[in-house]
Amino acid sequence: QVQLVESGGGLVQPGGSLRLSCAASGNILSMLLMGWYRQAPGKQRELVARITTVGSTKYADSVKGRFTISKDNANNTVYLQMNSLKPEDTTVYYCNAVLTTPGETDDYWGQGTQITVSS
């Protein structure tokens, strides 16, 4: 069974920074992709950033230049460094991983962590 455990959410003032972490554990044969999504109430979940095992990255236009995704392949952990945070970044952030376990390749989700940007 695979688990994704997130940490690092919280309250920050506009212009501030936060760093999210997500560690995947379980019977993982290979990690293909890890990333972060966010979902505001009443809206669809949207990609924030993702990174492949070889380091290829993709960012939402709204976070380019402010957020940086990185990973630790050895520990199946992904990070999201968020700088210059804005009130519109406020929502729940979810970790996602596409990985292979014995028998299948599937994607998995963390439980979500709240980010609130407010003065």
Side-chain angles (χ1 to χ4, degrees):
Q1 188 173 356
V2 173
Q3 276 192 316
L4 301 184
V5 178
E6 302 152 344
S7 60
L11 172 66
V12 64
Q13 292 186 339
S17 298
L18 282 174
R19 189 190 194 211
L20 302 181
S21 300
C22 173
S25 62
N27 198 358
I28 300 169
L29 296 182
S30 63
M31 182 69 72
L32 304 179
L33 184 70
M34 294 190 82
W36 293 92
Y37 288 71
R38 63 188 182 187
Q39 186 170 21
K43 293 188 176 182
Q44 285 191 326
R45 191 169 294 188
E46 63 173 2
L47 173 70
V48 177
R50 68 181 189 209
I51 186 167
T52 68
T53 302
V54 297
S56 177
T57 59
K58 180 176 181 178
Y59 293 91
D61 288 343
S62 58
V63 307
K64 283 180 181 177
R66 301 188 297 125
F67 291 9
T68 302
I69 191 168
S70 61
K71 60 182 174 58
D72 177 352
N73 287 336
N75 293 301
N76 288 325
T77 299
V78 65
Y79 306 95
L80 185 68
Q81 178 66 42
M82 304 184 292
N83 299 329
S84 302
L85 282 160
K86 304 175 181 180
E88 51 263 43
D89 295 318
T90 296
T91 191
V92 180
Y93 286 69
Y94 296 90
C95 177
N96 171 259
V98 179
L99 53 88
T100 299
T101 60
E104 68 175 6
T105 297
D106 206 346
D107 69 329
Y108 296 83
W109 295 91
Q111 77 281 3
T113 186
Q114 176 71 42
I115 302 297
T116 301
V117 184
S118 175
S119 55

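Keep in mind the model is a prediction, meaning the values are calculated, not measured.
Few gaps surround CD on Gln111; more than 12 heavy atoms of other groups in view lie less than 6.0 Å from it. Within a 6.0 Å sphere centred on CD of Gln44, heavy atoms belonging to other residues, nucleotides or ligands number 12 at most. Atom CD of Glu104 has more than 12 heavy atoms from other residues, nucleotides or ligands within 6.0 Å.
The shortest non-hydrogen separation linking Val117 to Thr90 is N-OG1, 2.8 Å. Nearest approach of Tyr59 to Phe67, heavy atoms of both residues: CE2-O, 3.3 Å. Annotation for Leu18 and Leu85: closest pair N-CD1, 3.8 Å, computed over non-hydrogen atoms. Scanning both residues, Leu29 and Pro102, for their nearest heavy atoms gives CD1-N, 3.7 Å. When all heavy atoms are compared, the tightest approach of Cys95 to Met34 is SG-CE, 4.3 Å. A pairwise comparison of heavy atoms in Arg66 and Asp89 identifies NH1-OD2, 2.7 Å as the closest pair.
Identified under the disulfide (SG to SG under 2.5 Å) test for residues 29-58, with sequence neighbours left out: none. For residues 6-25, the set of pairs meeting the side-chain hydrogen bond (donor to acceptor under 3.5 Å, both in side chains) definition, not counting sequence neighbours, comprises Ser17-Asn83.
Counting only distance, with no hydrogens or angles, the side chain of Thr91 and the backbone of Gln39 share a donor-acceptor pair below 3.5 Å. Under the 3.5 Å distance criterion, the side-chain polar atoms of Asn96 are matched with a main-chain donor or acceptor of Tyr108. Checking side-chain atoms of Asn73 against main-chain N and O of Thr53 turns up a donor-acceptor pair under 3.5 Å. Counting only distance, with no hydrogens or angles, the side chain of Tyr37 and the backbone of Trp109 share no donor-acceptor pair below 3.5 Å.
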*Test Leu99 against Leu32 for side chain to side chain contact (heavy atoms under 4.5 Å, CB included), laying out the working first.*
CA-CA 5 Å; Leu99 53 88; Leu32 304 179; 5.7 Å; no
*asked:* With salt bridge (Lys or Arg N to Asp or Glu O under 4.0 Å) as the criterion, how do Lys64 and Asp61 come out once you've worked through the C-alpha distance, each side chain's angles and the decisive distance to 0.1 Å?
replied: CA-CA 5 Å; Lys64 283 180 181 177; Asp61 288 343; 3.1 Å; yes
*Should Thr101 and Asp106 be marked as a side chain to side chain contact (heavy atoms under 4.5 Å, CB included) after you check the CA-CA gap, both sets of side-chain angles, and the distance that decides it?*
CA-CA 8 Å; Thr101 60; Asp106 206 346; over 6 Å; no
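Atom OG1 of residue Thr68 and atom CG of residue Leu80 lie 8.0 Å apart, to the nearest 0.5 angstrom. In this structure, CD in Gln114 is found 12.0 Å from CZ in Arg38, a value given to the nearest 0.5 Å. Between atom OH of residue Tyr93 and atom CG of residue Leu20 there is a gap of 8.0 Å, rounded to the nearest 0.5 Å.
Tyr94 meets the ring-ring contact (aromatic ring centres under 6.0 Å, His included) test with no other residue; sequence neighbours excluded. For Leu11, the side-chain contact (heavy atoms from CB on, under 4.5 Å) partners are Thr116, Ser118, not counting sequence neighbours. The salt bridge (Lys or Arg N to Asp or Glu O under 4.0 Å) test applied to Arg50 returns no partner, not counting sequence neighbours. Listed by chain and residue number, nothing satisfies the side-chain hydrogen bond (donor to acceptor under 3.5 Å, both in side chains) test with Lys43 (two or more places apart in sequence, or in another chain).
Tyr79 and Val98 fall into different hydrophobic clusters, where Ile, Leu, Val, Met, Phe, Trp and Tyr residues are linked whenever their side-chain heavy atoms come under 4.5 Å apart, directly or through other members. By the criterion of side-chain heavy atoms lying less than 4.5 angstrom apart, applied directly or through intervening Ile, Leu, Val, Met, Phe, Trp or Tyr residues, Ile28 is grouped together with Leu4 in one hydrophobic cluster.
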